[in-house]
Amino acid sequence: MWISIKQARQPEAIGQQAQVRGWVRTRRDSKGGFSFIEVNDGSCLGNLQIIADGNLANYQSEITTLSVGSSVVITGEIKASVGQGQSTEMAASEVRITGIASATDYPLQKKQHTFEKLREWAHLRPRTNTFGAVARVRNRLSFATHQFFQNDGFLYVHTPIITASDCEGAGQMFRVTTLPIDKLPMVNGKVDMSQDFFGKASYLTVSGQLEGETYATALGKIYTFGPTFRAENSHTSRHLSEFWMIEPEMAFFELADNMTLAERYLKYMIHDVLTHCAEDMDFFEKRIQPGVTAALQLVLDTPFTRLSYTEAVEILTKCDEKFEYPVSWGIDLQAEHERYITEKHVRGPVILYNYPKEIKSFYMRLNDDDRTVAAMDVLVPGVGEIIGGSQREERLDVLTERMLASGLKAEDYWWYLDLRRFGTVPHAGFGLGLERMVQYTTGMTNIRDVIPFPRAPGSCDF
RNA sequence: UCCCUUGUAGCUCAGUUGGCAGAGCAACGGACUGUUAAUCCGUGUGUCGGUGGUUCGAGCCCACCCGGGGGAGCCA
C-alpha cells in the first residue's frame with residue numbers, strides 16, 4: 001500500500017508493509033555494507049529513513065549510486081528506529097529508481113544554500129526543507145482563510161483580473177493590450193485605444209475592492225481572494241509586482257466592526273497554522289526566526305491594541321526615539337514610525353485608525369471632525385502593514401465631493417456611485433496581503449521567498 | 001526612482017602595494033559493522049559579471065553597462 005511519508009513517520013505505522021514514493025534527500029553508506037537513504041515526498045518536513053540492505057539485488061549497481069534529488073519508489077516494512085532522530089524507519093525489500101538526478105549536474109547540494117541562490121533555482125527550491133515548509137504554511141493560510149469566511153457566512157466572489165478603471169488610486173497598473181507594440185494605431189498623435197481588444201484601455205487589477213463593494217451591497221458579506229498586480233518600481237523585501245490579496249467587504253459594518261473582524265481573522269489563521277503546521281513551525285522557530293512561535297502565541301492571547309492616528313502621533317512626538325523624519329499631525333507615518341509603534345511601543349499587532357483625510361483614498365468615510373477618515377491599518381512587528389482597510393463613504397454627496405477633490409471624474413465611477421444612489425448602506429472592508437501574512441507567520445524576511453515564483457521589477461523568470 | 005553594498009571554482013568565500021588564481025564544502029576514487037549536514041585518506045575544478053580604458057603587466061585602478069542584497073519612497 002502506497003502511504004505518505006507523513007503517515008510512515010507515525011509510530012502507529014510500525015509493523016506495516018508499505019510503499020513510499022519520493023525524492024532522495026541524502027544517502028549514507030554504512031560500514032556494515034548497507035545504506036541509509038532519507039526520502040522526502042513533501043507530505044511533511046521530515047524524511048523517512050530507509051534501510052537498504054546490501055543483499056538487495058540492485059544494491060551495488062543502483063542503490064549505492066543514488067544521489068540527492070533522485071526519485072524512488074520503495075517497498076518494505078515500517079519498523080521502530082534503532083537510531084536517534086526518528087521514531088520509525090523502513091526496512092526496504094525493494095528500492096526502485098524512477099529517475100536519477102546526476103550528482104555532478106544537480107544544483108541542490110546536501111547542505112544549506114542561500115535564499116538568493118535558491119531564487120535562481122525557483123523550479124527546484126520547493127525540494128528544500130525551507131521552501132517545502134513555506135509552501136505548506138502558505139497552503140494552510142489559504143485554506144484557513146476560506147474556512148474562516150465560509151464559517152462566518154461570507155460569500156466568495158470572483159472579481160475580475162482585467163479591469164478598465166485606470167485610476168483606482170492604488171498605484172501604477174500593468175497595461176493589458178493586443179495592439180502591436182511596434183505599429184500602434186495613431187490618431188492625432190495619440191494611440192487610438194478604440195482599436196484595442198476591449199475598445200478601450202485595459203489593465204491588470206490593483207484591487208478587487210470596488211467590484212467587491214457591488215456584491216457586498218447586495219449579498220451582505222463577501223470576500224475576494226486572488227492575484228493582484230502593481231507596476232510600482234519598488235525594490236524592497238515586502239513588495240511584489242504580483243501578489244495574492246484577500247479582501248472582505250461587509251454591508252452594515254462600521255469601522256469598529258471592521259477592526260474586530262480583522263483581529264478575529266488574523267487570530268484564526270495563526271491558531272490554525274500553529275495547530276496544523278506544528279512541525280513546520282518548529283522548523284521556522286529553530287532555523288529561520290527563533291521566538292516566532294512564542295510571538296504568534298502571544299498574539300493569540302492578547303487583544304490587539306487600537307490607537308487612533310492622533311494618539312499614535314502623540315506617542316511618537318513624546319518618545320525619546322530619534323527619527324529621520326520628524327513627526328507632526330498630518331504627515332503620513334513613515335516606516336520607522338510604524339516600526340517604533342508596533343515593535344517597541346506595543347510589541348505586537350496594533351490597529352491604527354482615523355487617519356487625516358488628505359493622506360488617504362477618496363472612498364474612505366469622512367469622520368464627523370471633517371479632518372479624518374475611517375481608515376485602519378493593522379501593523380505587525382517585522383513586516384509592517386499587513387492589512388489596510390476602511391469604512392467606505394456611503395453618502396453620495398460626500399463621496400462625489402471627495403472624488404472631485406482627488407482629481408477623479410465622477411462619470412468614470414458611475415456604477416460605483418450608483419451603489420450610493422440606490423439603497424446605500426454603511427459598509428466596510430479591508431485587504432490582507434497573503435505573502436505578508438506568510439512572512440509574518442514563518443519569519444521569512446524576504447517576500448520573494450514566500451511565493452513560488454516571485455515577480456518583481458526586472459525579474460520575471462520561470 | 002534615490003542611497004548604501006556586492007559580483008572570483010558547482011556552492012560559500014579569501015585574494016596584501018597592480019606581479020604565476022586560493023581555501024572550505026560539494027563532486028569523483030578509496031577506507032570504514034547503525035548512520036543523522038556521518039567520518040577518514042586521496043583527486044580535479046576558473047569567460048575573476050560584461051564592454052572599453054590606463055599600464056611592460058589588471059581579479060585589484062578608471063568609465064559605462066548588467067545582475068544580486070540591504071534601506072528609503074509607494075503600498076498589501
Side-chain angles (χ1 to χ4, degrees), chain A residues 25-38 46-54 64-65 67-68 79 81-86 89 91 101-121 128-129 168-172 206-209 227-247 262 287 323-325 332-339 359-361 375 377-380 383-389 430-440 445-451 456-459 461:
Chain A
R25 281 295 176 80
T26 169
R27 188 194 88 240
R28 295 181 292 271
D29 296 329
S30 156
K31 328 170 203 185
F34 61 98
S35 297
F36 301 96
I37 309 166
E38 289 207 32
N47 306 322
L48 181 65
Q49 175 165 283
I50 309 290
I51 313 300
D53 198 81
T64 54
T65 70
S67 48
V68 179
K79 293 183 166 177
S81 182
V82 182
Q84 301 291 309
Q86 63 279 319
E89 62 188 25
S102 161
T104 49
D105 300 334
Y106 188 59
L108 298 180
Q109 300 175 4
K110 198 169 59 182
K111 66 170 195 174
Q112 280 194 2
H113 286 98
T114 61
F115 293 146
E116 291 79 19
K117 181 53 68 177
L118 287 172
R119 268 170 231 154
E120 296 174 23
W121 303 323
T128 65
N129 285 336
E168 289 176 25
Q172 294 292 312
V206 294
S207 163
Q209 180 202 316
T228 307
F229 308 87
R230 304 269 169 97
E232 299 285 359
N233 190 16
S234 44
H235 295 257
T236 81
S237 55
R238 305 181 308 281
H239 289 86
L240 290 167
S241 308
E242 177 184 293
F243 63 99
W244 286 67
M245 189 151 66
I246 294 120
E247 295 180 285
R287 298 297 184 84
F323 295 115
E324 191 183 341
Y325 295 88
D332 208 352
L333 296 181
Q334 305 291 313
E336 57 175 345
H337 306 142
E338 295 185 342
R339 196 169 298 132
I359 60 172
K360 288 291 181 181
S361 296
D377 284 350
V378 180
L379 312 178
V380 295
V383 177
E385 185 178 345
I386 199 166
I387 280 178
F430 60 81
L432 173 129
L434 176 66
E435 285 74 19
R436 290 192 180 170
M437 186 62 197
V438 181
Q439 281 188 282
Y440 184 49
T445 53
N446 196 308
I447 201 166
R448 296 172 190 213
D449 297 327
V450 298
I451 187 168
S459 167
D461 300 318

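By convention in this document, chain letters (A, B, ...) are assigned in the order of the sequence lines, proteins followed by strands, and residues within each chain are numbered from 1.
For His113(A) against C11(B), a side-chain-to-base donor-acceptor contact under 3.5 Å is absent. Looking at Glu116(A), its side chain has no donor and acceptor atom pair within 3.5 Å of the base of G70(B). Taking only distance into account, the side chain of Gln109(A) meets the base of G10(B) through a donor-acceptor pair shorter than 3.5 Å. Evaluation of atom-type donor-acceptor distances gives no pair under 3.5 Å for the side chain of Gln112(A) against the base of U12(B).
Annotation: C3(B) and C28(B) have their C1' atoms spaced 47 Å apart (nearest Å). Taking the C1' atom of each, U17(B) and C61(B) are spaced 12 Å apart, rounded to whole Å. Comparing the P positions of G29(B) and C66(B) gives a spacing of 44 Å, expressed to the nearest Å. The gap from the P atom of A31(B) to that of A23(B) amounts to 26 Å, rounded to the nearest Å.
Heavy atoms of Tyr106(A) sit nowhere under 4.0 angstrom from any nucleic acid atom. Contacts of Glu89(A) with the nucleic acid, taken as non-hydrogen atoms under 4.0 Å apart, include base atoms. Nucleic acid contact for Ser67(A): none, since no nucleic acid atom lies under 4.0 Å from a heavy atom of the residue. Backbone-only engagement by Arg339(A) is indicated by non-hydrogen atom pairs under 4.0 Å involving sugar-phosphate atoms exclusively. At a threshold of 4.0 angstrom between heavy atoms, the contacts of Ser234(A) include nucleobase atoms, whether or not backbone atoms are also involved. Residue contacts shown for Tyr325(A) are limited to sugar-phosphate atoms, with no base heavy atom under 4.0 Å away.
Rounded to an integer number of Å, the gap from CD of Glu336(A) to C1' of G73(B) is 12 Å. Regarding Glu232(A), its CD atom lies at a distance of 16 Å from the P atom of C2(B), rounded to whole Å. Atom CD of Glu324(A) is separated from atom C1' of G71(B) by 10 Å (rounded to the nearest Å). With rounding to whole Å, Leu432(A) atom CG is found 17 Å from C75(B) atom P. Nucleotide A72(B) holds its P atom 13 Å from the CZ atom of Phe323(A), rounded to whole Å. Between Glu120(A) atom CD and G68(B) atom P there is a gap of 9 Å when expressed in whole angstrom units. One can place CG of Asn233(A) at 15 Å from P of C75(B), the figure rounded to the nearest angstrom. Protein atom CZ of Phe243(A) is 16 Å distant from nucleotide atom P of C74(B), rounded to whole Å.
Across the strands present, A58(B) finds no partner; the criterion is a Watson-Crick or G-U wobble pair with both atom distances under 3.5 angstrom. When both distances must be under 3.5 Å, the Watson-Crick or G-U wobble mate of A23(B) is U12(B). In this structure, G34(B) makes no Watson-Crick or G-U wobble pair, since no nucleotide meets both defining distances under 3.5 angstrom. The nucleotide G73(B) finds no pairing partner, because no Watson-Crick or G-U wobble arrangement with both distances shorter than 3.5 Å includes it. Figure legend. A63(B) is base-paired to U51(B); pairs are counted as Watson-Crick or G-U wobble with both atom distances under 3.5 Å. With a cut-off of 3.5 Å on both Watson-Crick or G-U wobble distances, the partner of C28(B) is given as G42(B).
A side-chain donor-acceptor contact under 3.5 Å links Thr104(A) and Ser102(A).
The shortest distance between the side-chain N/O atoms of Ser35(A) and the OP1/OP2 oxygens of U35(B) is not below 4.0 Å. Taking side-chain N and O atoms only, Thr26(A) has a distance below 4.0 Å to OP1 or OP2 of A38(B). An OP1 or OP2 oxygen of U36(B) is reached within less than 4.0 angstrom by no side-chain nitrogen or oxygen of Arg27(A). Note on Arg28(A): a side-chain N or O is less than 4.0 Å away from OP1 or OP2 of A38(B). Proximity of Asn446(A) to the phosphate of G70(B): a side-chain N or O atom is located under 4.0 Å from OP1 or OP2. Contact annotation: Arg119(A) side-chain N/O to G69(B) OP1/OP2 distance is under 4.0 Å. Proximity of Gln172(A) to the phosphate of C74(B): no side-chain N or O atom is located under 4.0 Å from OP1 or OP2. Using a 4.0 Å cut-off, no side-chain N or O of Thr236(A) falls inside it from OP1 or OP2 of G71(B).
Side chain of Ser81(A), nearest nucleotide from C75(B), A72(B), G34(B): G34(B). Of the candidate nucleotides A72(B), U12(B), C74(B), C74(B) has the atom nearest to the side chain of His239(A). Listed nucleotides: G69(B), U36(B), C75(B). Nearest to the side chain of Arg448(A): G69(B). Side-chain proximity of Ala335(A) to C28(B), A72(B), G34(B): nearest is A72(B).
Nearest heavy-atom pair, Val383(A) versus Arg238(A), reported as atom, atom and distance to 0.1 Å: O-CD, 3.1 Å. In terms of heavy atoms, Phe229(A) sits closest to Val206(A) at O-CG1, 3.1 Å. Residues Asp377(A) and Gly389(A) come closest through the heavy atom pair OD1-N, 4.3 Å.
Each of Ser237(A) and Leu434(A) was matched to the nucleotide of RNA chain B holding its nearest heavy atom; the match closer to the 5' end belongs to Ser237(A). Of the residues near RNA chain B, Trp121(A) and Leu333(A), the one whose nearest nucleotide (by heavy atom distance) lies more toward the 5' end is Trp121(A).
Aromatic ring centres of Phe323(A) and His337(A) lie closer together than 6.0 Å.
Taking CG of Leu434(A) as the start and CE of Met245(A) as the end, the distance is 11.0 Å to the nearest 0.5 Å. For the atom pair CD1 (Ile37(A)) and CZ (Arg28(A)), the distance works out to 10.5 Å, reported to the nearest 0.5 Å.
Annotation: side chain of Phe115(A) is not in contact with side chain of Asn446(A) (no heavy-atom distance under 4.5 Å). At a threshold of 4.5 Å between non-hydrogen side-chain atoms, the residues His239(A) and Glu232(A) do not count as touching.
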